Amino acid sequence: MQERYEPAVVEAEAQAYWRDSRCFSPSEAPAREKYYCLSMFPYPSGRCHMGHVRNYTIGDVLARFMRMNGKNVLQPMGWDAFGLPAENAAIANGVPPAKWTYENIAYMRKQLQSLGLAIDWSREIATCRPEYYRWNQWLFLRMLEAGIAYRKTGVVNWDPVDQTVLANEQVIDGRGWRTGALVEKREIPMYYLGITRYAPALLDALEGMRGWPERVRTMQANWIGRSEGLNLGFPYAFDGMSGVLRAFTTRPDTIMGVTFCAVAAEHPLATYAARGNAALAAFIEECKRGPAMESELATQEKRGMPTGLHVRHPLSGEPVPLWIGNYVLMSYGEGAVMGVPAHDERDFEFAKKYALPIEPVIEIDGKPFSTDAWQAWYAEHGRCVNSGPYDGLDYEAAVDAVAADIAKAGLGGKQTIWRLRDWGISRQRYWGCPIPIIQCAQCGSVPVPDSQLPVLLPEDLVPDGSGNPLAKHAEFLACRCPRCGAAARRETDTMDTFVDSSWYFLRFACSDNPGAMVDERVDYWLPVDQYIGGIEHAILHLLYSRFWTRVMHDLQLVRCVEPFSNLFTQGMVLNEVFFRKPPSGRVEYFNPADVEVTLDPRDRRRVATLRADGIEVQSGGIVTMSKSKNNGVDPQALVEEFGADTARLFTMFAAPPEQTLEWSDEGVQGAYRFIKRLWKAVYDHLADGPVEPLERLDLDEAQRALRRQTHHTLAKVTDDIGRRRTFNTAIAAVMELLNALGKFAPRGPQDRAVIHEGLNTAVLCLSPIIPHATHALWRALGHTSAIVDEPWPAADAEALEQTTIEIVVQVNGKLRSRIRVAANADGQSVREAALADPNVRKFIGDGAARKVIVVPGKLVNVVL
RNA sequence: GCCCGGAUGGCGGAACUGGUAGACGCGCCGGACUCAAAAUCCGGUGGUGGCGACACCGUGUGGGUUCGAUUCCCUCUCCGGGCACCA
């Protein structure tokens, strides 16, 4: 073997072997246990970033580990290729999104391949290819037939200057990103998928999804947001109009504390009240112009205006003033709330602001209620007071009594509502999957017949920021109505890109099938055994995918119901941001690679200067790597300088994969150094000549100790990768083993035999993480088989046995001594040994121990 | 604002089920090798006091439970993710 570790040579060789042996292209083998390992496919933004390296290395370590554990492993890769950045690039550079996207894919594929991932590239898919997106269209038509997809109006951000719809991220402080014009809300017809009808199923299934992180299940449950409560009506009779204002509440027990009702600006009663009331109409207009995002709606100042109208309290019959409130959401419940300021924080704030009465009707432990300031306990459950017939009832009894009385009055009843809204999939954009609909003047919206699928997206258009170019493309627009045959216009809206990513994991099982969306191979590979991706996808992508899979299951297209058995959510990759902000003009960001950070010797202050001009730059803290902040680290340079193994090792060692990872160049050097040390250790060992077989039963104490560490390391690495998914501690354990092997000076043949076993074990343990170097080292150690095909070994239980163990002795919980006892010593003898220890006696002094706690195999605590 | 996480030496992190706080790595300090440098190797490295054995302090803040808390409970602060058209 080579004395020097040369990653470029080693990695080219290993990758050639994997490519030529096709070892990562599995076929269905029903007799074998399958393992479908999937990392979230990337958006082809141009270049890989460290987040990709991290994501795909985690998946690759697991795929390779499971492969060595005998599983039939599938690890595919594809491209989430439709989306907004391609249109932005087109606007900036005049390049068609298709060309930009395909070039990015070609470059990023090369980058990913250089990382040596155990991927079956023969299954690669790109969602912008008609072979893929035709099935989006096909299933959309099935959903239309099933009534799951439907058309209704929805609200969008409208830029009045560019005459175009803006994404939320293109609206900055209420203005269009390019034009600076005040953004308006517009109602337009859109297609929706009825995910809400799956809400109960999606919620209930979470309970059994033990392979998902608890926090993701909690987030999804909260997002779906099941609420049990009362739907109640406030009757009204205005000029020429009477009816019932419907509201939903989870606190029917506070109903006698209602002092006002508030409706959303879009509510029909708001519209009615605004007729002939210019001030109110203006307020409604203002609310409608307000933010569309929930985060902005929730943080904006709570404002309202009285309509001058009154509705009647459903139980007391008293008049209740009706307000319009900007904090009432039309999309939740009925778009109306009953205002109980004494027991709801938002209502309290609103009532204080507009001097509405606050009437406490719940008492908790006799605590004094004051209208001066809100207290958290005002919202707690208690006993009804000032509530007439309900006085003295607790929460549950009051809810039942109020619900019964409301039902008796014919004004409502108990109801369960959901926070989850139906999924609007229409996008007024070019670079997406065309929605297969034809708009006919006679027949309305008509589905494109299956025989005419796919509706092809022309790939040569260049958006200019002023609306969807499809809407100006005569060739695309022109079509005939499938129903009446008259000339018609093709729908120009495309689908949300979450549609593309909601089923790609199914297509990987049968990506070569041109005749069907899915086939029987999907039932072999699915569900995904391990799904890996960023925590930022915890709700939307994962919930949409679960929904889509259920729809396909109900249409009898796939057998599986839940697509991802186990989910692993990785943390983000962060780096420091450096910038200068000139007194006038825009902030300029500098890549950390171009910045020199030194420590000022006088005041120990960190000083950052730009290498190019030596002038100071400011630090903006450590945040997620992004193009816009110019703080990304390109893995390409890293791979070229140190090799893929170093990049992989560092990203796996630097932090547990679930946590955020801060970038540091020094750590990379450390990872590189470790591989070089491993390489040198094997080289030096082999240079001493052939190795004799290990005489397991005839070893001295030192040899047994080293062997114990070898097998302890193997057991720990197996557990850390297989169960805990803490690759950083697995790597640390192998580092410790290598340190121990280095300190062990061989004197005889059995010393060398024990070292040989240790090196073989270290190489095997690291092979999922640094597969190229270990591929070469395995061969060098004399094995004829490839390490990728080697079965994962089991630790030798006998080697792990110990005759004596160390016990920690505490006095009053503080560490005072350590004693060695026989491994099988009973509690009584351990206790006696601890009390006899001189250091312990010193602390006990003359007094006697009040209590002695013995934790077998661990410690003794003497309590004085 | 709401939902979900996180906070441990100079730095990244370890401590898995309530039981030795700081494994492993980086950086730094000292030494070896070298004409020199790089690379490599050896030793040291939480803070304070002490020649030393050792002692005291120490896991974001304040409180609680416990023989014992980085770990469990409550409070607050700061940071990160999501909030439905970024993906």
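Numbered from 1 within each chain, the chains take letters A, B, ... in sequence-line order. This is a predicted model, so every value here is computed, not measured.
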Spacing of A:Trp212 atom CH2 relative to B:rC4 atom P, expressed in whole Å = 17 Å
Assess whether one donor atom and one acceptor atom, taken from the side chain of A:Arg850 and the base of B:rC67, lie less than 3.5 Å apart.
-> no
A:Ala732 side-chain proximity, nearest of B:rA23, B:rC86, B:rC16 = B:rA23
Atom C1', compared across B:rC54 and B:rU40: separation rounded to whole Å = 38 Å
Separation of atom CG in A:Asn88 from atom P in B:rA87, rounded to whole Å = 9 Å
Expected output: side-chain A:Asp159 to main-chain A:Thr164 donor-acceptor under 3.5 Å = no
Just name whichever nucleotide pairs with B:rG19, Watson-Crick or G-U, keeping both distances under 3.5 Å, else none.
-> B:rC67
Of the nucleotides B:rA84, B:rC4, B:rC67, which one has an atom closest to the side chain of A:Glu294?
-> B:rA84
Between A:Thr713 and A:Thr710, does any side-chain donor sit less than 3.5 Å from a side-chain acceptor?
-> no
Between B:rG5 atom C1' and A:Glu658 atom CD, what is the distance in whole Å?
-> 10 Å
Touch check for A:Asp720, heavy atoms < 4.0 angstrom, all strands: base, sugar-phosphate only, or nothing?
-> nothing
Find the partner of B:rC11: check Watson-Crick (N1-N3 plus N6-O4 or O6-N4) and G-U wobble (N1-O2, O6-N3) distances, both under 3.5 Å, and reply none if neither fits.
-> B:rG25
Checking ring-ring contact (aromatic ring centres under 6.0 Å, His included) for the pair A:Trp423/A:Tyr192: CA distance, chi angles, key distance, verdict?
-> CA-CA 5 Å; A:Trp423 176 13; A:Tyr192 284 82; over 10 Å; no
Scan A:Asn468, A:Thr494, A:Asp493 and name whichever one has a side-chain hydrogen bond (donor to acceptor under 3.5 Å, both in side chains) with A:Gln428.
-> A:Asp493
When you measure from the side chain of A:Asn222, which nucleotide among B:rA84, B:rC4, B:rC67 comes out closest?
-> B:rC4
Report the distance from atom CD1 of A:Ile224 to atom P of B:rC83, rounded to the nearest whole Å.
-> 16 Å
Mind calculating the distance between CD (A:Gln659) and C1' (B:rG13) to the nearest angstrom?
-> 8 Å
Please determine if a side-chain N or O atom of A:Arg346 lies less than 4.0 Å away from the OP1 or OP2 oxygen of B:rC2.
-> no
Looking only at B:rA87, B:rC83, B:rG68, the nucleotide nearest the A:Glu536 side chain is B:rA87
Classified by glycosidic angle (syn within 90° of 0, else anti), B:rG13 comes out anti
Rounded to whole Å, the CZ-P distance (A:Arg677 to B:rA39) equals 15 Å
Watson-Crick or G-U wobble partner of B:rC76, both distances under 3.5 Å | B:rG60
Calculate the interatomic distance between A:Met735 atom CE and B:rA14 atom P; express it in whole Å.
-> 14 Å
In whole angstrom, what separates A:Trp431's CH2 from B:rC86's P?
-> 19 Å
Assess whether one donor atom and one acceptor atom, taken from the side chain of A:Arg673 and the base of B:rU40, lie less than 3.5 Å apart.
-> no
